Q: 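Structure in structure tokens, see below.
Quick caveat, the model's predicted, so the values are computed rather than measured.
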Amino acid sequence: MTEATTQHVVDVPRFPWYSLYESRRTTAEKALRSIKRGNRVFIGSGCGEPQHLVSALEELIPRLADLEILHILSVGKTRYTDAKFFEMCRLKSFFVAAASREAVAEGRADYTPINLGDVPDLFRSDAMPIDVALIQVSPPDDHGFCSYGISVDIVKPATESARHVIAQVNARMPRTLGDSFIHVRDIDVFVEHDEPLLRVSLPLMNPVAEDIGANVAKLIDDGSTIRVGVGSISTAVLYALEEKKDLGVHADMLTDAYLHLVNRGVITNARKTLHPGKIVTSFCLGSQELYDFVDNNPMVSFYPVDYTNNDLVISENDHMVSVNSALEVDVTGQVCSDSLGYEIYSGVGGAIDFLRGARNSRNGKSIIVLPSTTLDGKRSRIVPSLAEGGGVVTTRGGVQYVVTEYGIASLHGKSVRERALALIGIAHPNFREELMQAAQQLNYIPRELLGLRTPRAVYPSQWEITQIFEADTRVSFRPAKSTDERTLKEFFYSLPREGSYIRFLSTMKVFPHYDVQRMVNIDYHREMTIFGLAGDRDAELIIAVAGYVMDEEAMTAEVDFAVRPDFGRMGIGTFLIHHLAEILKSKGVRMITAYISPGNERVFGVFQKLGYVMESSFAEGVHEIRVYFDRPATVCLMD
């Protein structure tokens with residue numbers, strides 16, 4: 001084996017630690033002679049993997065036996081998982097990535113399911129004692145401290161617990177700040193070897209990932225502290241946040257997608273309640289540009305994962321938002337994110353650590369993201385029940401939001417019936433009917449709803465809008481969803497019984513389940529119901545309702561609306577009818593009609609403000625209003 005070594009220039013008289021450093025400096029081949037048969041060897045993580053030491057270890061393995069190799073994630077090309085080494089060494093990994101997936105699937109390597117934040121205690125408690133740690137560090141500074149660089153994660157706890165530490169000293173390893181240093185006296189052997197660090201490119205983003213990212217962005221407010229996983233969807237989520245302001249970062253992993261937001265001035269950490277002004281992370285997976293960014297940068301603080309992933313620490317960040325990917329979600333909200341049936345695909349990682357932290361944060365949010373179908377479009381990822389063998393990483397009780405390209409399902413505090421309806425509503429339209437039937441067979445939803453559903457209707461998110469009214473009253477307007485039944489009932493019961501309303505609402509004195517479901521299970525084309533909502537997303541109050549039924553042959557529509565009395569005379573009804581009119585005009589409707597009860601003639605003004613010719617007539621005790629979209633009203637200018 002040929003070794004390239006690098007002599008790092010050190011001013012001997014200035015550094016009293018240098019003689020110790022020099023006495024422990026050697027070649028990789030000599031350093032690894034300390035590894036014995038049956039040893040447990042830890043290898044540094046991810047892009048911080050000491051490639052030179054690993055290559056030397058792979059040359060040594062044929063002369064060893066019963067070697068156990070520990071790591072959390074390998075992004076390099078490893079040979080120690082090859083079948084030819086099966087009798088000599090065995091990998092035990094805390095996460096499964098591409099480099100180890102085949103070996104784990106074939107039983108030649110082991111996967112240990114564990115929350116990432118719990119791994120360090122395995123080492124420190126001697127539940128999993130480490131004989132030798134192979135790590136990579138930066139050259140020592142003037143005070144004799146080397147930095148763990150881009151991989152602090154479990155590397156620092158493993159190193160502090162190992163009986164023997166061998167460090168590859170690489171001048172290309174960034175000197176990162178935070179709890180990220182080790183003194184030369186705590187390293188047993190130094191192998192100087194400079195080489196490029198491993199790199200991971202950003203995944204390509206497809207339209208589905210971009211749509212999911214846009215939906216997630218609706219849930220993230222300015223000033224939030226974020227943690228997002230890895231993959232095309234996670235990358236798309238971060239890119240969708242380009243218009244946000246003053247975001248902060250508390251994450252186990254830093255990627256180039258975060259750097260993109262830093263460069264755009266989106267991530268400032270200015271509003272963080274824990275470590276204000278700083279990105280807090282544990283390791284990097286990315287490009288040389290990312291490594292250059294974190295090098296000696298006071299904006300970024302690295303910590304071991306038992307700090308970054310401690311849910312109590314995470315929760316100290318107000319407005320903490322955690323985004324995790326899933327492989328499958330069943331209609332009750334159980335989340336599988338680590339396996340495809342019996343085949344382990346990834347791992348638990350930091351998903352639960354950050355879910356707990358975000359849920360306990362003040363105004364925090366936990367979000368699960370997944371595409372509605374598999375890549376080939378043949379299977380739904382929202383399923384009646386998880387695939388046999390699929391692991392439940394997040395229980396149905398832990399889920400708050402689930403997001404696909406078709407929308408957002410808010411599950412926290414929802415019944416199984418409400419969850420099933422919400423999740424089916426964001427499933428791919430091609431699979432909604434069979435999901436409804438399966439949910440009914442499982443008694444999750446009542447049989448009578450099957451006849452009401454419009455399975456292929458796609459929620460029209462383009463008609464979502466927010467408006468500020470008098471007294472800074474913020475109202476969000478959006479189309480109805482099948483899960484709005486109870487909230488809509490509460491709206492109707494808030495209306496005074498003696499009031500006069502437009503025909504459809506005035507005739508409904510009680511609002512049975514079946515009738516209200518008809519108003520929220522709509523096709524968004526021939527029928528539409530728009531709500532005006534006040535309050536937070538998880539405690540929304542319907543304060544206004546407008547709807548239409550369209551005659552597609554005549555291209556006309558009948559409309560109605562109502563506003564809660566305590567929100568009256570604020571212009572909400574006028575805005576709602578204007579919004580409904582814009583929807584109808586986009587569909588080619590030429591005329592709308594409305595029916596007004598006597599005593600409620602003030603509603604005429606709402607329709608007059610549309611700016612089109614309006615006619616009215618009175619028959620059988622009801623006013624009929626007709627507004628013609630193809631006939632703009634004549635405006636008379638008077639001196």
Side-chain angles (χ1 to χ4, degrees), residues 1-36 39 41-45 47-57 59-60 123 130-198 283-284 288 291-292 294-298 300-304:
M1 178 178 64
T2 302
E3 285 192 340
T5 59
T6 302
Q7 179 67 47
H8 296 290
V9 179
V10 178
D11 186 350
V12 178
R14 285 183 55 200
F15 306 123
W17 48 263
Y18 180 74
S19 59
L20 178 63
Y21 176 86
E22 181 65 19
S23 68
R24 296 180 178 180
R25 187 166 62 87
T26 186
T27 65
E29 183 176 8
K30 292 179 180 178
L32 296 186
R33 290 174 184 171
S34 60
I35 298 177
K36 308 300 181 184
N39 275 181
V41 178
F42 173 83
I43 294 177
S45 309
C47 292
E49 179 181 302
Q51 303 165 72
H52 181 59
L53 295 182
V54 170
S55 179
L57 175 65
E59 295 294 331
L60 183 66
F123 308 145
I130 297 171
D131 297 299
V132 180
L134 306 183
I135 65 172
Q136 184 171 208
V137 297
S138 71
D141 62 17
D142 291 358
H143 304 286
F145 285 95
C146 302
S147 172
Y148 289 99
I150 60 172
S151 291
V152 177
D153 48 75
I154 66 170
V155 178
K156 188 173 190 290
T159 302
E160 292 171 344
S161 305
R163 296 186 176 93
H164 191 75
V165 178
I166 302 172
Q168 177 179 335
V169 181
N170 187 352
R172 300 193 186 189
M173 174 65 83
R175 180 179 182 270
T176 59
L177 308 180
D179 186 10
S180 58
F181 293 99
I182 181 172
H183 198 272
V184 295
R185 63 174 171 266
D186 296 318
I187 296 174
D188 297 293
V189 183
F190 298 93
V191 177
E192 293 179 340
H193 185 89
D194 295 345
E195 61 185 338
L197 301 179
L198 291 167
F283 64 98
C284 291
Q288 186 61 46
Y291 305 154
D292 292 341
V294 300
D295 185 29
N296 209 37
N297 187 346
V300 189
S301 291
F302 283 74
Y303 292 87

Q: For residues Leu32 and Val191, determine if any side-chain heavy atom of one lies less than 4.5 Å from a side-chain heavy atom of the other.
A: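 No, too far: nothing below the 4.5 Å cut-off.
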Q: Does the side chain of Asp131 come within less than 4.5 Å of His164's, by heavy atoms?
A: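 They are not in contact (no side-chain heavy atoms under 4.5 Å apart), so the answer is no.
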Q: Would you call Cys284 and Phe302 a side-chain contact if the rule is heavy atoms closer than 4.5 Å?
A: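 Yes; the side chains approach each other to less than 4.5 Å.
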Q: Ring-plane angle category for Phe190 and Tyr21, please: parallel below 30°, perpendicular beyond 60°, tilted otherwise.
A: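 It falls in the tilted class, 30° to 60°.
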Q: With a 3.5 Å distance limit and no angle check, can you tell me whether Asp153 reaches the backbone of Pro304 through a side-chain donor-acceptor pair?
A: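 Judged by distance alone, no pair lies under 3.5 Å.
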Q: Ignoring hydrogens and geometry, is there a side-chain-to-backbone donor-acceptor pair from Ser55 to Gln51 under 3.5 Å?
A: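 No: the side chain of Ser55 does not pair with the backbone of Gln51.
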Q: What is the distance from atom CD1 of Ile135 to atom OG of Ser45, rounded to the nearest 0.5 Å?
A: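 Reported to 0.5 Å precision, the distance equals 11.0 Å.
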Q: Less than 4.5 Å apart, side chain to side chain, heavy atoms only: is that true for Phe283 and Ile154?
A: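 Of all side-chain heavy-atom pairs linking Ile154 with Phe283, none is under 4.5 Å.
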Q: Scan His52, Glu195, His193, Gln136 and name whichever one has a side chain to side chain donor-acceptor pair (under 3.5 Å) with Asn170.
A: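 The side chain to side chain donor-acceptor pair (under 3.5 Å) with Asn170 is passed solely by Gln136 among His52, Glu195, His193, Gln136.
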Q: Can you find a heavy atom in the side chain of Val189 that is under 4.5 Å from one in the side chain of Ser34?
A: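 No, too far: nothing below the 4.5 Å cut-off.
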Q: Measure the shortest side-chain to side-chain distance between Val137 and Val169 over non-hydrogen atoms and say whether it is less than 4.5 angstrom.
A: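 Yes, at least one pair of side-chain atoms sits under 4.5 Å.
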Q: How close do Gly44 and Val155 get, heavy atom to heavy atom, and via which atoms?
A: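 Scanning both residues, the minimum pair turns out to be CA-CG2, 4.0 Å.
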Q: With sequence neighbours left out, what residues match Asp179 under salt bridge (Lys or Arg N to Asp or Glu O under 4.0 Å)?
A: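 With neighbours one apart ignored, the set is Lys156.
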Q: Looking at side-chain heavy atoms only, is the closest gap between Phe42 and Ser161 below 4.5 Å?
A: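 Phe42 does not reach Ser161 side chain to side chain.
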Q: In the structure I gave you, are the side-chain heavy atoms of Phe15 and Asp142 within less than 4.5 Å of one another anywhere?
A: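 Touching, per the 4.5 Å side-chain cut-off.
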Q: Give a yes or no answer on whether the side chain of Asp188 reaches the backbone of Val165 with a donor-acceptor pair at less than 3.5 Å.
A: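 Yes, the answer is positive, given that a donor and an acceptor are paired below the 3.5 Å cut-off.
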Q: Counting N and O atoms only, with roles assigned by atom type, does the side chain of Arg175 sit under 3.5 Å from a partner on the main chain of Pro139, one being a donor and the other an acceptor?
A: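 Such a contact is absent between Arg175 side chain and Pro139 backbone.
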Q: For residues Leu197 and Pro174, report the shortest heavy-atom separation together with the two atoms involved.
A: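 Smallest heavy-atom distance, with atoms named: CD1-CD, 3.6 Å.
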Q: Applying salt bridge (Lys or Arg N to Asp or Glu O under 4.0 Å), can you list everything that pairs with Arg172, at least two apart in sequence or on another chain?
A: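 Salt bridge (Lys or Arg N to Asp or Glu O under 4.0 Å) list for Arg172, sorted by chain: empty.
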Q: Considering the options Ile43, Leu57, Ile166, which one meets the side chain to side chain contact (heavy atoms under 4.5 Å, CB included) requirement together with Pro50?
A: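 Among Ile43, Leu57, Ile166, the one meeting side chain to side chain contact (heavy atoms under 4.5 Å, CB included) with Pro50 is Ile43.
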Q: Just grab all the side chain to side chain donor-acceptor pair (under 3.5 Å) pairs involving residues 143-152, residues at least two apart or on different chains.
A: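 Of all non-adjacent pairs touching residues 143-152, those that pass side chain to side chain donor-acceptor pair (under 3.5 Å) are Ser147-Thr176.
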